[in-house]
Structures are given as structure tokens and as C-alpha cells.
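Presented below is the structure to which this report refers.
Only a predicted model underlies this, so the values are computations on that prediction, with no experimental measurement involved.
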Amino acid sequence: QVQLAESGGGLVQAGESLRLSCAASGDTTCLSVMGWYRQAPGQERELVATITRGGRTTYAGTVEGRFSISRDNAKNMVHLQMNSLKPDDTAIYLCKVVQGGCTVEQRVLEVWGQGTLVTVSS
């Protein structure tokens with residue numbers, strides 16, 4: 001089973017940029033969709049961006065044009081480049097990967113990282 005570890009969060013001012021990284025370790029076989037979610041205090045967790053193994057991406061409307069998701073299959077990593085950050089981007093950002101399904105006998109699992117905190121000041 002794969003384990004995920006996020007990094008790159010921190011405190012920045014509005015308009016600045018951050019690059020988040022998520023490293024997969026352990027059993028890294030059969031990783032399909034990878035993505036980033038975020039959760040602000042008192043708010044529900046929301047999807048930020050996803051990327052398939054082949055590179056197809058989706059974005060939440062609130063981050064489209066500002067954020068860019070990418071992955072390096074050889075390194076088993078996924079990144080989130082966040083530009084033009086706004087105070088309402090402040091949240092814990094969590095990495096998620098779907099693992100399994102490469103064969104009919106494999107279980108399909110969703111695996112989550114612990115999250116990294118992004119704080120954007122005005």
C-alpha cells in the first residue's frame with residue numbers, strides 16, 4: 001500500500017506563489033488519478049485539482065487559471081503550483097491518490113496524505 005507525504009506549505013502574502021509537492025512511497029504500483037484537496041477551518045473538504053496518469057487535468061473553478069497540477073510518474077510525485085494566491089486559498093491541502101484496479105483482482109483504494117498548511121495573508 002502506498003503512503004503519501006505533502007510538503008511546501010507555508011505563510012505567504014496575497015499575490016505570491018507556492019509549490020506543493022506530494023511524494024508517494026512504499027508500494028507505488030498502480031497509481032492512477034492523483035489530486036489535491038483542501039479544507040479550511042469550519043469548511044467542507046473540496047477538490048482543488050486532479051490529474052490522471054496520462055496527464056489529463058481538472059480544476060475547481062475557483063483555482064482555474066491560477067493553479068497548475070503536474071505529476072512525475074517516474075518519481076511517484078505530484079505537484080501543485082499555486083500562483084496569485086488569495087486569502088481565501090488558506091487551508092490545509094491534502095494529497096490523494098487512487099491505487100489499484102490495474103488487474104481485475106486488485107482492490108481500488110483512496111489513499112490520503114496528512115496535509116500541509118497554506119496560509120495567505122492580506
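- Between E44 and Q39 there is no side-chain heavy-atom pair separated by less than 4.5 Å.
- R38 pairs with exactly one of L47, L94, D89, L80 by the side-chain contact (heavy atoms from CB on, under 4.5 Å) rule, that one being D89.
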Working for side-chain contact (heavy atoms from CB on, under 4.5 Å), residues L18 and M82:
CA-CA 5 Å; L18 279 175; M82 304 185 295; 3.7 Å; yes
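- The line from CD1 of I69 to CZ of R56 is 14.0 Å long, rounded to the nearest 0.5 Å.
- From E6, atom CD reaches atom CG of L4 across 6.5 Å, with rounding to the nearest 0.5 Å.
- Residues passing the salt bridge (charged side-chain N to carboxylate O under 4.0 Å, His left out) test with E110, sequence neighbours excluded: K96.
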Report the C-alpha distance between S25 and N76 in whole Å, list the side-chain angles of each, state the deciding distance to 0.1 Å, and finish with yes or no for side-chain contact (heavy atoms from CB on, under 4.5 Å).
CA-CA 8 Å; S25 61; N76 298 310; over 6 Å; no
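- Rounding to the nearest 0.5 Å gives a distance of 9.5 Å between CZ of F67 and OG of S17.
- Qualifying side-chain hydrogen bond (donor to acceptor under 3.5 Å, both in side chains) partners for S7, counting only residues two or more places apart in sequence or in other chains: none.
- H79 and S70 are not linked by any side-chain donor-acceptor pair at a separation below 3.5 angstrom, with hydrogens and angles left out of the test.
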Could you go through V111 and Q3, starting from their C-alpha distance and side-chain angles, then the distance that decides it, and tell me whether this counts as side-chain contact (heavy atoms from CB on, under 4.5 Å)?
CA-CA 7 Å; V111 181; Q3 294 84 46; 6.0 Å; no
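- Partners of Y59 by ring-ring contact (aromatic ring centres under 6.0 Å, His included), not counting sequence neighbours: none found.
- T62 approaches R66 most closely through the heavy-atom pair O-NH2, 2.9 Å.
- Think of V108 as one node in a network of Ile, Leu, Val, Met, Phe, Trp and Tyr side chains linked at under 4.5 Å; its network also takes in V33, V98.
- Scored by the side-chain hydrogen bond (donor to acceptor under 3.5 Å, both in side chains) test, S84 finds no partners at all (sequence neighbours excluded).
- How far CG of L11 is from CD of E16: 9.0 Å, rounded to the nearest 0.5 Å.
- Between C30 and Q106, the shortest heavy-atom contact is SG-OE1, 3.5 Å.
- Side-chain contact check for V2 versus Q99: some heavy-atom pair is nearer than 4.5 Å.
- M77 places a side-chain heavy atom less than 4.5 Å from the side chain of S21.
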When the side chains of residues 112-122 are checked against the rest of the protein, which donor-acceptor pairs come out under 3.5 Å, sequence neighbours left out?
residue	atom	partner	partner atom	Å
T116	OG1	G9	N	3.1
S121	OG	V12	O	3.4

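- In this structure the side chain of L31 reaches within 4.5 angstrom of the side chain of R71, judged on heavy atoms.
- Interatomic distance, CZ of R45 versus OH of Y37, reported as 9.0 Å (0.5 Å rounding).
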